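Remarks on the structure that follows.
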Amino acid sequence: MTSTDIFAALRARTVAALEALLPDLPAEAFARVQMEPPRDAAHGDMATNAALVVGKAARQPPAALAQALAGRLAALPEVESAAPAGPGFVNLRLREDFLRAQLPAILAAGEGYGDSGIGGGRRVNVEYVSANPTGPMHVGHCRGAVVGDALANLLGKAGWDVTKEYYINDAGAQVQALALAAYWRYLQVLVATPEGQVLAAGNPALAGFAASAQGREAFEQAFGIALQYGGDYLVPVGQALFTAHGTGLVPAAGPPSAEVLELIRAFTVDAMMAEIRQDLAALGVRQDVFISEAALVRAGVADRAIADLAAKGLVYEGVLEPPKGKLPEDWEPRPQTLFASTKFGDDVDRPLRKSDGSNTYFANDIGNHADKLARGFAELVQVWGADHGGYVRRMVAAVKALSDGHPVPLDVVLTQIVKVVKNGEPVRMSKRAGTYVTLADLIEEVGRDAVRFTMLTRKADAQMEFDLDKVVEQSRENPVFYVQYAHARCRSVLRSGDEAPGGLGDLAAAPLESLTDPAELALIRRLAAWPRTVEAAALAREPHRIAFFLHDLAGDFHVLWNRGREDSTLRFIRGDEPEATRARLALVAATATVIRSGLQVMGVTPVEEMR
RNA sequence: GCGCCCGUAGCUCAGCUGGAUAGAGCACGCGCCUUCUAAGCGCGAUGUCGCAGGUUCGAACCCUGCCGGGCGCGCCA
């Protein structure tokens, strides 16, 4: 739908004009030609660097070329005037009726306005959240969830065929430890039942545990198992295990068997994932694919991927140099199975197997990425926390190696830490102190839309403060409010217009000549910049740009609204001027449409009225 | 010690993949509310873009080196 992007349209016109002026230049000479809004609005509506960019190849001084180009561009039907400027820019001022004509185009496109084809329908896999299923989601996971979801929406709007994915890390030592903790909670339930007491009579370990306060230490002592997790959130899981299996998970003596532990692990992971899905649903995140690391490993995907790399001569047994600086205490040289990631830009080669022969997390993740390649994705995107920054190069290297011959790019978006602030004080994230902020708590406190919007008011790679007081504040300082308020005002005006005699009618057919005020035209210019904003944000993988665009757009609208306070002829609805009213309502409807279009990308619900 | 991210107005941050005189909100100063649209509005002042070199018509943006903050650094995930 790039036909509705007036910047793309005039860029094409410019290139055509250049081709006419310089028929001998090859097409690629025009690749860097840009058509952008000038930083200073006084320069006009659009500016192109065309003369600067092709000047060298054309062997012409940019200023002279700009002069010639301006002459041709001035003759275009969309253009009011074109003038060379600075070292070789050409500034364009567009005809007002051309600008106004964007309104019916926006209204016809609806929320699809801004849809783009630059994705070319390429299949992209966006993996995000992928929190370990070892507990409920907390605010730390939240930013990645929101950024990932918005980025996926954005790519969809820009023409990619998007799959939203969650990789369940359910195969490592952490979930084994989690299973043990669930087992402890299960025994707590069990020993309180008559069946459990009967069982304890013939099982010394269980009897010892039952006779104690059944705390963490008592469990560790009775069964000789160290616990890493102790969270209350496993209490219901213990209960559910007992309900499902009764006394069936208790061995005659000692710790449970590997089979039983595997059963508990799977049960617990399912329970945690159910909780995480609930959290995601509360956040409005719905992923298409949940893929299990354990399932991929069982299916042999990781091993096959490593075999594939080995066949390319990229896997070897070797000994890594010790890391520089502070050595791990138990460091000793030892032979490991290594992937030659240095051949693809990494600093050191990376281990694929632990000394017990099992796969490292990296090895399994190679399997995860190989699986995506096998599913035919043309591009991969990962949204990770900043603490995974050191992991990026090796994974990019692995994907390069795996997709050798038909390269599939892997883009990693890192999200920096969120510091939660309340009453000007940082909220410490501590389970022990009971100040652990779960995602559910956060949503409960400030609402889903405020969480989502606020998480997108910073670049992903900049640290951010999340001020619990400010995000619910109803003032200009709060962008969530500011944008929602603009939409609510639009809707309010449109509702009033609808009640007027005759109603709104078809606004797309409204005569628009009366829209001549600078504030009205500024708003139209902003609306017309939406398609290029979508494209630029998608290409840069920067969903926060949508939030900033909406903030600017809301600002333009509020300015216009306030103009009506000073000058009643600038009110949107004027009883004495039905035609002017219809024109303004078309502008308001288009504004509401673009705000909704942007909020849709962000996953934020537009409100009809403020309360 | 090495790698990655960040460093822009007093504060919180943008800066559209290298463009023109670097922007917004807050805070600050001045003016504005009998009424229609004040959970405010208008106008104004505000900079060593961490520092120093380099690349080029042009650098906050790219390269190199320093300084400062964050994250990470062989069988955690």
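Source: prediction; values computed, not measured.
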Can you tell which of B:C41, B:A77, B:G15 lies closest to the side chain of A:Asn132? B:A77
Measure from NZ or CZ of A:Arg350 to the centre of the six-membered ring of A:Phe362, then state whether that distance is under 6.0 Å and the direction lies within 45° of the axis. no
Between B:U56 and B:G18 - C1' atom distance, rounded Å: 10 Å
A:Arg11 charged N/C atom sitting above A:Phe7 aromatic ring, 6.0 Å / 45°: no
Under the criterion salt bridge (charged side-chain N to carboxylate O under 4.0 Å, His left out), I'd like the reasoning laid out for A:Lys372 against A:Glu127: C-alpha separation, chi angles, the key distance, then a yes or no. CA-CA 10 Å; A:Lys372 294 183 200 211; A:Glu127 184 191 312; 2.5 Å; yes
Closest to side chain of A:Arg571, choosing from B:G3, B:G42, B:U37: B:U37
Without hydrogens or angle criteria, can the side chains of A:Asn368 and A:Asp365 be said to hold a donor-acceptor pair below 3.5 Å? yes
Taking the nucleotide of RNA chain B with the nearest heavy atom to each, does A:Arg334 or A:Ile573 sit closer to the 5' end? A:Ile573
Shortest side-chain distance from A:Gln174, nucleotide among B:A77, B:A39, B:G7: B:A77
Ignoring hydrogens, what is the shortest heavy-atom contact between A:Asp449 and A:Val480? Give both atom names and the distance. O-CG1, 4.5 Å
Cationic N near anionic O, under 4.0 Å, A:Arg584 to A:Glu520: yes
Which value, in whole Å, describes the distance between the P atoms of nucleotides B:G58 and B:G15? 26 Å
Between B:C16 and B:C61, how far is it from one C1' atom to the other, in whole Å? 12 Å
Residue met sooner reading RNA chain B from 5', once A:Arg563 and A:Gly357 are mapped to nucleotides: A:Arg563
Shortest side-chain distance from A:Ala173, nucleotide among B:G40, B:A77, B:G72: B:A77
Per-residue pairing states of RNA chain B in dot-bracket (Watson-Crick or G-U under 3.5 Å; . unpaired, | other strand) read (((((((..((((.....[...)))).(((((.......))))).....(((((..]....))))))))))))....
Could you please name the option among B:A77, B:C4, B:G74 that lies closest to any side-chain atom of A:Asn169? B:A77
Could you check which of B:A39, B:G40, B:A77 has an atom nearest any side-chain atom of A:Tyr391? B:A77
Say you pick atom P in B:C11 and the same atom in B:C28; how far apart are they, in whole Å? 15 Å
Counting side-chain heavy atoms from CB outward, which of B:G3, B:U12, B:C5 is closest to A:Arg458? B:U12
Would you measure the distance from the P atom in B:G42 across to the matching atom in B:C26 and give it in whole Å? 10 Å
Give me the distance, rounded to whole Å, that separates B:A9 from B:A45 when you measure between the C1' atoms they each carry. 11 Å
Does atom NZ of A:Lys354 have more than 12 heavy-atom neighbours, drawn from other residues, nucleotides or ligands, at distances under 6.0 Å? yes
What class does the angle between the rings of A:Phe548 and A:His544 fall in, given that below 30° is parallel, 30 to 60° is tilted and above 60° is perpendicular? perpendicular
Sequence-aligned protein contact record of nucleotides 16-33 of chain B, with B where the base is within under 4.0 Å of a protein heavy atom and S where only the sugar-phosphate is: BB-BB-S--SS-------
Can you list, in residue-number order, the parts of residues 480-496 of chain A that come under 4.0 Å of RNA chain B, counting heavy atoms only? A:Tyr485
Is the shortest side-chain N to carboxylate O distance from A:Arg495 to A:Glu608 below 4.0 Å? yes
